[in-house]
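Here's the structure we're looking at; comments come further down.
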Number of protein chains: 2
Amino acid sequence: MEHEQGAVVLRSLRLKVTPRRLAVMNCLGEERAYLSAEEVWHRVRPRLGSIGLPTVYRILDELAGAHIVTRIFRSDRKQYYFLCPNQEHHHHFVCDSCRHVEDMDLCGLDGMTREIVRRSGGRVLSHILQVNGLCAECSKQNREMP
Amino acid sequence: MEHEQGAVVLRSLRLKVTPRRLAVMNCLGEERAYLSAEEVWHRVRPRLGSIGLPTVYRILDELAGAHIVTRIFRSDRKQYYFLCPNQEHHHHFVCDSCRHVEDMDLCGLDGMTREIVRRSGGRVLSHILQVNGLCAECSKQNREMP
DNA sequence: GTACAAATGAAAGTTGTTTTTGTTTATACG
DNA sequence: CGTATAAACAAAAACAACTTTCATTTGTAC
Ligand SMILES: [Zn+2]
Ligand SMILES: [Zn+2]
Ligand SMILES: [Zn+2]
Ligand SMILES: [Zn+2]
């Protein structure tokens, strides 16, 4: 994610264009894998001179709330973040070993949503869908979970 | 979940049949909604005289690991648990307002899994799927999130 | 440039969960 | 039944991932 591109995104969210926000977006944008807040912190610190960890948490939260970054679920109940260039509604295939994230273009839940509404009469507001496994490379190397 | 039924489940998991494990299973089995560890703790305490919160966590973890209880995802980073009598592979429709959980009989991810494997060459090991919204009753009452 | 709301850092606080350690209890076996 | 043994448990403290607070700095609109 380029500087000007990040600035456009931030302005569209009515957020001020600050060096920290741009740095966090660039950091995630350079990765094809997910990162924790602390990992983002370590990576952006050198570029900025200094940045507080609470600021990183705040920025990631803003970006996740605006669906610019996606939260990745893991069993260690830490929060992980992934910036996906694809802005269409879709979900992710996540490698348990190397953290690589791939898009699954299909959502496939519209049918299920309709079925729920038809059968139970409730209202569907959101859904969580994430597929876990080993990416092609890790699968070959038969690596185990980190 | 009856006492003997719980005992059978525990024995099949090679776990000792203890009053605390039975109480936790009964507690969740009586609910059609999800509970937090602390909520389970409050509910089983009177029946047992006393039980430590770490014990509740340990038992819930054992049961979740054995797929006897399901973890429910929420945006507060607390863990919630639901004991589902349905032992087939399936997923849940969860009410954001009253915590009611309903089964969705279809998984519908086999096709997507095959597509991932075909396109990326990786290996799929698990998936997370949860639909959130308002159940029929809460939808009528137009309740908001708790 | 100036005003002002928004953003940030540093430190302290919160809280859900886990670890540790010593004691109790379920279960198998004689 | 009694006993041995490993598993389960309580209590307390520890842990770690976040969050809050509040004083200071910095974008942004005019
Ligand atoms: Zn991988
Ligand atoms: Zn979807
Ligand atoms: Zn409901
Ligand atoms: Zn499934």
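Values below: all heavy atoms of this structure, side chains included; hydrogens, waters and symmetry mates excluded.
- If you check every strand for non-hydrogen atoms under 4.0 Å, A:Leu53 touches nothing.
- Taking the side chain of A:Pro54 as heavy atoms from C-beta on, and the options D:dA17, D:dA11, D:dT19, the nearest nucleotide is D:dT19.
- As a whole-Å value, the separation of A:Gln79 CD from C:dT17 C1' is 15 Å.
- Along DNA chain C, the nucleotide nearest to B:Thr18 and the one nearest to B:Arg58 differ in position, and the one closer to the 5' end is contacted by B:Arg58.
- In terms of position on DNA chain D, the residue among B:Arg77 and B:Glu62 whose nearest nucleotide sits closer to the 5' end is B:Glu62.
- Taking atom CD1 of A:Ile59 as the reference point, atom C1' of D:dG27 lies 14 Å away to the nearest angstrom.
- Atom CZ in A:Arg45 sits about 15 Å away from atom C1' in C:dT8, given to the nearest Å.
- Toward the 5' end of DNA chain D, the nearer of the two residues A:Asp76 and A:Pro19, judged by each one's closest nucleotide, is A:Asp76.
- Looking at heavy-atom distances under 4.0 Å, B:Ser50 makes contact with sugar-phosphate atoms alone, never a base.
- Atom C1' of nucleotide D:dT5 and atom CZ of B:Arg14 are separated by 18 Å, given to the nearest angstrom.
- In this structure, the CG atom of B:Leu15 is 15 Å from the C1' atom of C:dT25, given to the nearest Å.
- Among D:dA10, D:dC18, C:dG16, the nucleotide with an atom closest to any side-chain atom of A:Lys78 is D:dC18.
- Hydrophobic clustering (ILVMFWY, side-chain heavy atoms < 4.5 Å, transitive): B:Ile59 and B:Val9 are in one cluster.
- Taking the charged nitrogens against the carboxylate oxygens, A:Arg47 and A:Glu30 do have a contact shorter than 4.0 Å, which makes a salt bridge.
- Between the OH atom of B:Tyr57 and the P atom of D:dA10 there is a distance of 15 Å, given to the nearest Å.
- Computed from coordinates, the A:Arg20 CZ to D:dG27 C1' distance equals 12 Å when rounded to whole Å.
- Between the NE2 atom of A:His42 and the P atom of D:dA17 there is a distance of 11 Å, rounded to whole Å.
- With B:Tyr34 as the partner, the ring pair (Phe, Tyr, Trp, His ring centres under 6.0 Å) test is satisfied by one option alone out of B:Phe93, B:Tyr80, B:Tyr81: B:Tyr80.
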Practice problem: Go through the steps to decide whether A:Arg11 and A:Glu4 satisfy the test salt bridge (Lys or Arg N to Asp or Glu O under 4.0 Å), and finish with yes or no. | Solution: CA-CA 10 Å; A:Arg11 275 192 277 264; A:Glu4 229 0 91; 3.3 Å; yes
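- With D:dT19, C:dT19, D:dC9 as the choices, the nucleotide that has an atom nearest any side-chain atom of B:Arg21 turns out to be D:dC9.
- Listed candidates were D:dG27, D:dA17, C:dT18. Nearest to the side chain of A:Lys16 is D:dG27.
- Other residues, nucleotides and ligands contribute over 12 non-hydrogen atoms within 6.0 Å of the CD atom of B:Gln87.
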